[in-house]
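Input: a single structure, listed below in structure tokens.
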Amino acid sequence: TGGAGNGAVSYSVPDHNGVLSVSGDTAAIVGAGTVTVMAVKAADTNYNSTSAALEITIDKADQTGFSIHAVTGKRYGDASFKFETAGGGGDGAITYSAPENNGVLTISGDTAAIVGAGTVTVTATKAASTNYNSVTATTEITIDKADETGFSIHAVTGKRYGDASFTLKTTDGGGDGAITYSVPENNGVLTINGDVAAIAGAGTVTVTATKAASANYNRVTATTEITIDKADQTGFSINMVTGKKYGDDPFTLETTGNDADGAITYSVPENNGVLTVSGDTAAIIGAGSVTVTAVNAGNENYNSAAAALEIT
């Protein structure tokens, strides 16, 4: 503005100023910074030439579209991984950070190491450069709990009805979740209190161990089949029979040491000539000696048992 006459006006900037280039009266921005623009109005018939200077500042631009690539499908125990970004402008260095003691990730450079399950906010900062302001972007990263592997119940063998209670044990798995044991209700074989199993009867039952979820591990279960064998009956015998002679009345056979409530049957060799047996009654048919056998059939918890007695 200003000046007089009709002399042509020309504009100029220092060579290689890095801020503006000028063509005619048009300035093109080539970078951020400050540059002095000189305007010269040429002399004419009545006026000398004149000049004016103006300092022009071009501000840095804001970076647009800067973001952190999504990170998904990670779980506790996975290997370290690298961050990547997209968008933004300029060549500013990119740094990554997460809150201190977040318990999920630690960051070194562009590499994240997993230290626990959970969710954490990661911030990426792209530093200012010659022509761009600094910019930040955030993303939430979730690290899933890991599945426990190799969790199993120790095998239990060689147990039979009448044995003492025993302790259940497990192997492997991760984390510090509490372990509980269970069996179907009214299974008739085992009852469980804590980690101790008490034998209630012979048979086979499925025991389930559950390890609760912990900070970094999911809940896990394991099962095993435990068989409790029938017990052998002990001390089963036929009561002594003495003082019998040919011509005496029939007499009743009796046993002792019946651990089970199984039916008791008696037998003698065929055609033995001394005794015949019907149920628990023996009839004398002649003088001599004969072996009587008693069998206790056993039950759901006891094996069958046999005993023999020689009667004269």
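One is the number of the first residue; the rest follow in order along the sequence.
When all heavy atoms of G90 and S129 are compared, the pair lying nearest together is CA-OG, 3.7 Å. Nearest heavy atoms, S214 versus G177: CB-N, 4.0 Å. Here the shortest heavy-atom pairing between N216 and A117 reads OD1-N, 2.7 Å. Of all the heavy atoms in V156 and K159, the pair that sits closest is CG1-CG, 3.7 Å. Considering every non-hydrogen atom in both G18 and V30, the closest pair reads C-CG2, 3.4 Å. Across every non-hydrogen atom of A164 and I199, the tightest pair is O-CD1, 4.2 Å.
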Fill in: side chain to side chain donor-acceptor pair (under 3.5 Å) assessment of H154 paired with T171
CA-CA 7 Å; H154 289 193; T171 301; 2.5 Å; yes

Item to complete: Would you please test D172 and F151 for side-chain contact (heavy atoms from CB on, under 4.5 Å) and show each step?
Response: CA-CA 5 Å; D172 292 326; F151 182 63; 5.6 Å; no

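Every residue two or more places apart in sequence or in another chain that forms a salt bridge (charged side-chain N to carboxylate O under 4.0 Å, His left out) with D232 is listed here: R160. In this view, A42 satisfies the side chain to side chain contact (heavy atoms under 4.5 Å, CB included) rule with no residue, not counting sequence neighbours. Legend: residues meeting salt bridge (charged side-chain N to carboxylate O under 4.0 Å, His left out) with D110, ordered by chain and number and at least two apart, are K82. Applying the side chain to side chain donor-acceptor pair (under 3.5 Å) criterion to K244, with sequence neighbours excluded, gives no partner residue. In this structure, T149 has no side chain to side chain contact (heavy atoms under 4.5 Å, CB included) partners at least two apart in sequence or on a different chain. With sequence neighbours excluded, no residue forms a side chain to side chain contact (heavy atoms under 4.5 Å, CB included) with A215. By the ring pair (Phe, Tyr, Trp, His ring centres under 6.0 Å) test, Y161 pairs with Y302, sequence neighbours left out. Under the salt bridge (charged side-chain N to carboxylate O under 4.0 Å, His left out) criterion, K211 pairs with E148, sequence neighbours left out. Here V268 pairs with N272, V277, V290, V292 under the side chain to side chain contact (heavy atoms under 4.5 Å, CB included) rule; sequence neighbours left out.
The side-chain heavy atoms of M240 and L309, taken from C-beta on, include a pair separated by under 4.5 Å. With contacts defined as side-chain heavy-atom distances shorter than 4.5 Å, the pair V196/L168 does not qualify. Taking 4.5 Å as the limit, some side-chain heavy atom of V241 sits within range of a side-chain heavy atom of F251. No side-chain heavy atom of F83 sits under 4.5 Å from any side-chain heavy atom of T139. Residues T136 and F66 are not in side-chain contact: their nearest non-hydrogen atoms beyond the backbone lie 4.5 Å or more apart.
Within 6.0 Å of CG in N193 there are 12 or fewer heavy atoms belonging to other residues, nucleotides or ligands.
Distance alone, capped at 3.5 Å, is enough to place a donor-acceptor pair between the D44 side chain and the N6 backbone. In terms of modelled atom types and a separation under 3.5 Å, the side chain of Q63 and the main chain of N133 share a donor-acceptor contact. Under a 3.5 Å cut-off, the side chain of N301 and the backbone N or O of A202 do form a donor-acceptor pair.
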Under 3.5 Å, which donor-acceptor pairs link side chains of residues 252-262 to any protein atom two or more places apart or in another chain?
{"unit_1": "E254", "atom_1": "OE1", "unit_2": "N239", "atom_2": "ND2", "d": "3.4"}
{"unit_1": "T255", "atom_1": "OG1", "unit_2": "N258", "atom_2": "OD1", "d": "3.3"}
{"unit_1": "T255", "atom_1": "OG1", "unit_2": "N258", "atom_2": "ND2", "d": "3.1"}
{"unit_1": "T256", "atom_1": "OG1", "unit_2": "S237", "atom_2": "OG", "d": "3.0"}
{"unit_1": "N258", "atom_1": "OD1", "unit_2": "N296", "atom_2": "ND2", "d": "3.2"}
{"unit_1": "D259", "atom_1": "OD2", "unit_2": "T234", "atom_2": "N", "d": "2.8"}
{"unit_1": "D261", "atom_1": "OD1", "unit_2": "N299", "atom_2": "ND2", "d": "2.8"}

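In this structure, the separation between OG on S10 and NZ on K41 is 12.0 Å, given to the nearest 0.5 Å. We find the CG-CG distance between N218 and D147 to be 5.0 Å, quoted to the nearest 0.5 Å. Residue S21 holds its OG atom at 12.0 Å from NE2 of H16, rounded to the nearest 0.5 Å. From M38, atom CE reaches atom OG of S12 across 6.5 Å, with rounding to the nearest 0.5 Å. Between I238 atom CD1 and D280 atom CG the span is 11.5 Å, to the nearest 0.5 Å.
For T121 and T138, the side-chain atoms include no donor-acceptor pair closer than 3.5 Å. Judged purely by distance below 3.5 Å, without hydrogens or angles, the side chains of T221 and T210 never pair a donor atom with an acceptor atom. S182 and T208 share no donor-acceptor pair across their side chains, judged by distance under 3.5 Å alone.
Counting side-chain heavy-atom gaps under 4.5 Å among Ile, Leu, Val, Met, Phe, Trp and Tyr, Y132 is found in no cluster with other residues. Other members of the cluster containing V22 are V9, Y11, V13, V19, L20, I29, V35, V37, L54, I56, I58, with ILVMFWY side chains joined at under 4.5 Å, either directly or via other members.
Tested against I226 for a side-chain contact (heavy atoms from CB on, under 4.5 Å), the candidates V189, L190, T204 yield a single pass: L190.
Y246 and I285 fall into different hydrophobic clusters, where Ile, Leu, Val, Met, Phe, Trp and Tyr side chains are chained together by heavy-atom contacts under 4.5 Å. Note on I153: it does not cluster hydrophobically with Y217, by side-chain heavy-atom contacts below 4.5 Å among ILVMFWY residues. I179 and I192 fall within a single hydrophobic cluster, where Ile, Leu, Val, Met, Phe, Trp and Tyr are joined by side-chain heavy atoms under 4.5 Å apart, directly or via other members.
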